[in-house]
Amino acid sequence: MTRLPDPDRSRAILIGTGTHADGSGLPSLPAIGANLADLRQVLTDPVTGSLPVDHCITAADPATAGEVGTLLARAAAEATDLLFVYYSGHGLVDERGRLHLALPGTDTADIRWTALPFETLREELLDSPAAIRVLVLDCCFSGRAIEAMTSGHSTVAGQIDVAGTYTLASTSATAVAYAPEGATHTAFTGALLAALRGPVALNLDDLFDEVRRDLAVRDMPRPQRRVVNNAGNLVLVRPPDPTAPRPAPASDPPPTAWTDPGASAPPLPLWHQGSVTALPESRRPKVEIRIPPWVWLPLLLLAAGLIGWYWLYTQTHWDRGDLRAAVQQAAVELGKQSTFADEDLRIHIARLIDESGKGPPHGITPSVTRIAKPDSDSNAGDYEVTSQDIAFCMHVTTTLKAPGHDLLPATVNLSATVTDGTCPTASRPGAGNGSSPSSTPSKTS
């Protein structure tokens with residue numbers, strides 16, 4: 001069930017760093033000021049806001065990590081219902097891949113000592129008595145906060161599960177955030193404000209979905225989230241009054257040049273090219289797949305059986321290509337021979353196929369069947385050679401060599417051609433010695 005935070009027991013702190021000194025290796029982000037001001041206006045709006053003005057503090061360009069720590073510690077200690085923490089600026093990673101939040105005095109050559117370690121902010125969140133803690137990070141590599149909030153000792157993990165947290169990051173653990181040049185807001189915060197100012201009051205889960213859709217349409221980096229203990233049911237703004245005029249959502253122009261480091265269009269800044277901030281390999285949990293020992297024997301037996309079946313099949317069955325070659329060779333041999341006109345050629349053709357040497361070592365001789373007989377006194381016709389589901393048709397024609405007499409039949413020369421597939425079943429009328437079938441069989445293979 002959705003609910004609004006208790007305004008008396010809730011606190012919010014909005015932190016943003018948009019100004020950086022020359023030589024720091026970090027470009028300034030002019031949109032950060034508007035991010036802080038407009039987000040505070042939405043959260044404390046007299047009509048739709050959920051927090052009193054004095055319960056939502058802003059830390060714009062804090063000089064040191066100590067200044068941030070003092071404000072955050074006070075807000076975390078006072079919040080017993082909602083603790084809302086927002087940061088917008090540059091996100092940096094050290095040589096160990098740990099996330100740091102940039103401050104005005106941050107030097108990219110010395111990140112660990114001049115930036116705010118996210119781990120410090122994380123510990124302050126965990127120590128808060130707040131029932132729900134919402135962390136929103138609009139910075140490069142902010143997805144590392146998701147990893148940090150889900151790692152650590154079991155005691156810390158237990159605290160998160162009991163109290164409930166909602167972590168919303170503008171990018172993944174290895175991606176950069178976008179601040180379109182000339183835009184009022186950064187890409188992520190602009191989409192967040194547009195969703196908060198929409199016609200419907202959204203809980204955190206619906207808010208995330210709306211922001212994700214907005215950024216996807218504009219081909220921006222997809223945000224990430226981490227939800228524990230139904231924290232996603234919280235609503236940050238009240239339903240809008242249909243009679244009250246509402247400010248129009250920001251309509252930032254599409255990005256043409258990126259001021260945030262690491263964008264794909266311009267070259268990477270110097271602080272991204274060195275080894276200090278080089279991204280390490282993304283750490284993924286290792287999944288170990290264990291196969292029970294008893295499974296191996298059936299698998300080996302199955303593999304051996306399949307190999308044996310395949311070997312036996314190749315030793316006893318004709319291959320289509322081999323049978324075609326054998327039939328064609330038999331047709332060539334027939335053309336070199338002469339025979340009596342009334343001799344049955346089926347056994348002779350089968351013997352020639354066997355003698356071709358192209359069949360399997362232990363294969364069965366293919367079946368030879370005479371399909372068409374144009375003349376009862378001639379051995380011309382169609383002979384069908386089959387083995388299993390393979391078939392070829394041999395078309396045999398004869399040419400008179402010597403006429404027959406009372407004691408001996410005529411002697412003929414043979415000629416044969418081969419086509420793929422079975423022979424036609426219709427008988428064809430004879431044309432005497434030297435004739436061939438009147439119709440040509442069609443190829444069916």
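Formation of a donor-acceptor pair under 3.5 Å by the R40 side chain with backbone atoms of V53 is found in this model. Side chain of T17 to main chain of A102: a donor-acceptor pair is present (N/O by atom type, distance under 3.5 Å, no hydrogens or angles). Judged purely by atom type and a 3.5 angstrom limit, E384 uses its side chain to pair as donor or acceptor with the backbone of C423. The backbone N or O of I353 sits less than 3.5 Å from a side-chain atom of S356, completing a donor-acceptor pair. With hydrogens and angles ignored, the 3.5 Å screen pairs a side-chain donor or acceptor of S128 with a backbone N or O of A76. T114 places a side-chain N or O within donor-acceptor distance of the main-chain N or O of D107, the cut-off being under 3.5 Å. Side chain of S24 to backbone of A21: a donor-acceptor contact under 3.5 angstrom is found.
Salt bridge D45/R238: absent, no basic N to carboxylate O contact under 4.0 Å.
Among pairs with a residue in residues 325-334, none fulfils side-chain hydrogen bond (donor to acceptor under 3.5 Å, both in side chains), at least two apart in sequence or across chains.
Within a 6.0 Å sphere centred on CD1 of I364, heavy atoms belonging to other residues, nucleotides or ligands number 12 at most. Within a 6.0 Å radius of CZ in R212, more than 12 heavy atoms belonging to other residues, nucleotides or ligands are found.
Of the listed residues (L92, L99, V93), just one forms a side chain to side chain contact (heavy atoms under 4.5 Å, CB included) with F118, and that residue is L99.
Checked against salt bridge (charged side-chain N to carboxylate O under 4.0 Å, His left out), R213 has the following partners two or more places apart in sequence or in another chain: E210.
T167 and R226 share no side-chain donor-acceptor pair at under 3.5 Å.
Contact detail for L202 and L207: the closest heavy-atom pair is CB-N, 3.9 Å.
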